Amino acid sequence: MDEKIRRFEAQVLPHLDAAYRFARWLSQSPSDADDLVQETMLRAFRALDSLRGVDAKVWLLTIVRNCHRSAYTQQLRRSAVPLPDELNDEDSEMIVAIDNPEEHAITADTGRVLDQVMAALPEEYREVLILRELEDMSYREMATLMSIPIGTVMSRLARARLALKEQWHKQIKGETYAVR
């Protein structure tokens, strides 16, 4: 058992941040991402013996993706509608000393717009954008993770980038930045 723990710590745990980032973009909620990563790590530990000759990051992100799909399917079956939280995610973050409030406001606004634009994209587009742009995965790794041909990865990524650009422009045009 000690050997399994050491192997898990050496091969899988270095990719924990990547798993959380991917889970965060898939689930669109920090608390759901936490639950998703917890379930992923449990499944990864149980299935560690199946990690042979495969890139550990691709293997772990595949588990994240499968856990997300399982959770989504279960959620659809339950047909429960969650109540809105009183606080936004931004409200619950720690307060940090800000050197330049204007720059911080612009950065926060851009992040909010990006979150909205990404949420508006279909899940298959969000997946390829996250894996390629944030996780810096190769087309081959993405194809392995999603069990699709490399050509499909490339075309889906091109469509995702175009959809992201279109959604971004729609979002920016719809907002006004005037102070009242």
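What you see is a predicted model; the values in this text were computed from it and never measured.
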(request) Heavy atoms only: give me the nearest V64-L36 pair and the separation to one decimal. (result) O-CD1, 3.9 Å

(request) Give the minimum heavy-atom separation between R126 and L26, together with the two atoms involved. (result) NH2-O, 3.8 Å

(message) In the structure I gave you, are the side-chain heavy atoms of M142 and I150 within less than 4.5 Å of one another anywhere?
(response) no

(message) Nearest 0.5 angstrom please: R159 CZ to L157 CG, how far?
(response) 10.5 Å

(request) Start with the C-alpha gap between I130 and R24, add the side-chain angles, then the distance that decides, and say whether side-chain contact (heavy atoms from CB on, under 4.5 Å) holds. (result) CA-CA 10 Å; I130 300 308; R24 176 68 177 88; over 6 Å; no

(message) Test: salt bridge (charged side-chain N to carboxylate O under 4.0 Å, His left out). Region: residues 127-138. Which pairs qualify, not counting sequence neighbours?
(response) R21-E135, K57-E135, R65-E127, R69-E127, E133-R161

(request) Specify the closest pair of heavy atoms between A143 and P149, including all atoms of both residues, with the distance to one decimal. (result) CB-C, 4.1 Å

(request) Output all residues satisfying salt bridge (charged side-chain N to carboxylate O under 4.0 Å, His left out) with E3, sequence neighbours left out; order by chain, then residue number. (result) R6

(message) As an exercise, state the distance from CG of D55 to CZ of R140, rounded to the nearest 0.5 Å.
(response) 12.5 Å

(request) Taking the side chain as every heavy atom from C-beta outward, state whether F45 and V12 have any pair of such atoms under 4.5 Å apart. (result) no

(request) Using a cut-off of 6.0 Å, state whether more than 12 heavy atoms not belonging to R7 lie near its atom CZ. (result) yes

(request) May I ask whether L131 and I148 are part of the same hydrophobic cluster, defined by side-chain heavy atoms of I, L, V, M, F, W, Y residues being less than 4.5 angstrom apart, directly or through others? (result) yes

(request) Using the test side chain to side chain contact (heavy atoms under 4.5 Å, CB included), find all partners of S147 that sit at least two apart in sequence or belong to another chain. (result) none

(message) Test: salt bridge (charged side-chain N to carboxylate O under 4.0 Å, His left out). Region: residues 141-157. Which pairs qualify, not counting sequence neighbours?
(response) E124-R156

(message) Would you compute the distance between atom CE of M41 and atom CG of L13 and round it to the nearest 0.5 angstrom?
(response) 4.5 Å

(request) Treat each ILVMFWY residue as a node, draw an edge where side-chain heavy atoms are under 4.5 Å apart, and state whether L134 and V58 are in one component. (result) yes

(message) To check you understand the geometry: which heavy-atom pair defines the closest contact between Y139 and V153, and what is its length?
(response) CD2-CG1, 3.9 Å

(request) Measure the CG-CD distance between D35 and Q38 for me, rounded to the nearest 0.5 Å. (result) 6.5 Å

(message) Hydrophobic cluster membership, with links at side-chain heavy-atom distances under 4.5 Å among I/L/V/M/F/W/Y: are L16 and I5 in one?
(response) yes

(request) Might you point out which heavy atoms bring A44 and L60 nearest each other, and give the distance in Å? (result) CB-CD1, 3.9 Å

(request) Please round to the nearest 0.5 Å and tell me the distance separating atom CD of Q11 and atom CG of L51. (result) 5.0 Å

(request) State the CG-NZ distance between D2 and K4, to the nearest 0.5 angstrom. (result) 12.5 Å

(request) For S29 and S27, test the side chains for any donor-to-acceptor distance below 3.5 angstrom and give the result as yes or no. (result) no

(request) Not counting sequence neighbours, which residues clear salt bridge (charged side-chain N to carboxylate O under 4.0 Å, His left out) with R43? List them please. (result) E39

(request) Identify the two heavy atoms, one from A18 and one from L61, that lie closest to each other, and give their separation to 0.1 Å. (result) O-CD2, 3.8 Å

(message) Give me each pair satisfying ring pair (Phe, Tyr, Trp, His ring centres under 6.0 Å) with a member in residues 15-34, each pair once, sequence neighbours excluded.
(response) none

